[in-house]
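All ligand and atom numbering here is 1-based and tracks the order in the structure. Keep in mind that what you see is a predicted model, and the values were worked out from it rather than measured.
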Amino acid sequence: MNKLKNKVAVITGGNSGIGFGIAQEFKNEGAKGVIVGRNQETLDSAVAQLGDNFIGMSADVTNLADLERVFKETSEKFGKVDVIVANAGGGAVGTVATLGEAEYDKTMDLNLKSVYFTVQKALPYINDGGSIVLIGSNAAHRAYTNFTLYGAAKAAVIFFAKAFSSDLLERKIRVNVITPGTTDTPAFEKFVPLEQIEAIKTHFASEMPIGRIGQPSDIGKTAVFLASDDSSFMLGAELLVDGGMTYLSK
Ligand SMILES: NC(=O)c1ccc[n+]([C@@H]2O[C@H](COP(=O)([O-])OP(=O)(O)OC[C@H]3O[C@@H](n4cnc5c(N)ncnc54)[C@H](OP(=O)(O)O)[C@@H]3O)[C@@H](O)[C@H]2O)c1
């Protein structure tokens, strides 16, 4: 219950899906802090469920001034920053034959630039000895159809966990990355017509070696581990949390 007692966390994309699952597990372990997103309605409803120890901040993770404001205001409000979770992301779906420059820039900005600058803008505020958790994707490891740009961006996020850990050795800030497989989140609604969502989830579940798709809490519990002292010997590491999808499925 107290693995993150009094730790102050900033979770980007904490108003939906995996980010909200992480925020809930952090709250269960005694953390407090900030969830970041652009949609005020889902920020408000997420904060209402998380309770008094969390606040929402409206910000765009691809905008450097917004990121600076998030960490400055978090530090002013909570007095410190211990944990960063760079989770906000998502992807344009298509192939090298179909995705053009606009989709390229958008996908790289949201999944890669955002991670680089979330970490850079946090550095003046995060404590020495803090923990940074990046959210990648198993799409980095296999060429799933239509995930060309997204998979490439997430592969680079896995590299960032190693490079940032090396960059921040002197400050003893550990950076690790979680690579989820298919997880049950509102992201489905962005790609699949509403009436087909349940059928698609059932289909994905039938193809998963473990027999189900992931839940945000699966990723949340892993993030608690990486954020807490239980993982104090881990830095630059990747935890694949995918129900066996990447290496065991046909
Ligand atoms: N679901 C999966 O199967 C799966 C698998 C592997 C990896 N992932 C990764 O897990 C992470 C979370 O995905 P999810 O499935 O939970 O998706 P989701 O439910 O659609 O949530 C995405 C979150 O990112 C935020 N976000 C998007 N663009 C933003 C921006 N420009 N500025 C600030 N916040 C922004 C959204 O908030 P606003 O809309 O309010 O901005 C939302 O909170 C992503 O990095 C995704 O690539 C997901």
Do other residues, nucleotides or ligands put more than 12 heavy atoms under 6.0 Å from Glu195 CD?
-> yes
Nearest heavy atom to atom 22 (C) of ligand 1 wins, so pick from Gly91, Gly89, Gly14, Gly56.
-> Gly89
Which is closest to atom 33 (C) of ligand 1 in terms of heavy atoms, Gly136, Ala88, Ala59, Ser137?
-> Ala59
Closer than 4.0 angstrom: is that true for some heavy atom of Phe20 and an atom of ligand 1?
-> no
Glu76, CD atom: more than 12 neighbouring heavy atoms under 6.0 Å = yes
Which atoms of ligand 1 sit under 4.0 Å from any heavy atom of Ala187?
-> 15 (O), 17 (O), 19 (O), 20 (O)
Answer yes or no: does an N/O atom from Asn15 fall short of 3.5 Å to an N/O atom of ligand 1?
-> yes
For atom 41 (O) of ligand 1, the protein heavy atom that lies nearest, with its residue and separation = Arg38 NE, 2.6 Å
CG/Asp52: more than 12 non-hydrogen atoms of other groups inside 6.0 Å = no
Does the side chain of Tyr144 pick up a donor-acceptor pair with the side chain of Asn138 at under 3.5 Å?
-> yes
Ser58 near ligand 1, heavy-atom distance under 4.0 Å?
-> no
Provide the number and element of each atom of ligand 1 under 4.0 Å from a heavy atom of Gly17.
-> 16 (O), 19 (O)
Under 3.5 Å, N or O to N or O, is Thr182 touching ligand 1 that way?
-> no
Please determine if Thr42 has a nitrogen or oxygen closer than 3.5 Å to a nitrogen or oxygen of ligand 1.
-> no
Donor-acceptor contact below 3.5 Å, side chain Asn2 vs main chain Lys5 = no
Give the residue and atom name of whichever protein heavy atom lies nearest to atom 20 (O) of ligand 1, and the separation in Å to one decimal.
-> Lys190 NZ, 2.6 Å
Ligand 1 to Thr185 polar contact by distance, N or O atoms, under 3.5 Å | yes
Greater than 12 external heavy atoms within 6.0 Å of Ile210's CD1 | no
With Lys3 via salt bridge (charged side-chain N to carboxylate O under 4.0 Å, His left out) - residues at least two apart = Asp230
Taking the non-hydrogen atoms of Thr12, is any one of them nearer than 4.0 angstrom to ligand 1?
-> no
May I ask whether Gly21 places a heavy atom under 4.0 Å from ligand 1?
-> no
Residues in side-chain hydrogen bond (donor to acceptor under 3.5 Å, both in side chains) contact with Asp82, at least two apart in sequence or another chain | Lys80, Asn127
Which of the atoms of ligand 1 are close to Leu110, meaning less than 4.0 Å from one of its heavy atoms?
-> 28 (N), 29 (C), 31 (N)
For atom 21 (O) of ligand 1, which candidate among Gly13, Pro186, Ser16, Gly37 holds the nearest heavy atom?
-> Ser16
Test item, Glu189 contacting ligand 1 (heavy atom, 4.0 angstrom) = no
Okay, side chain of Ser75, backbone of Phe71: is any donor-acceptor separation there less than 3.5 Å?
-> no
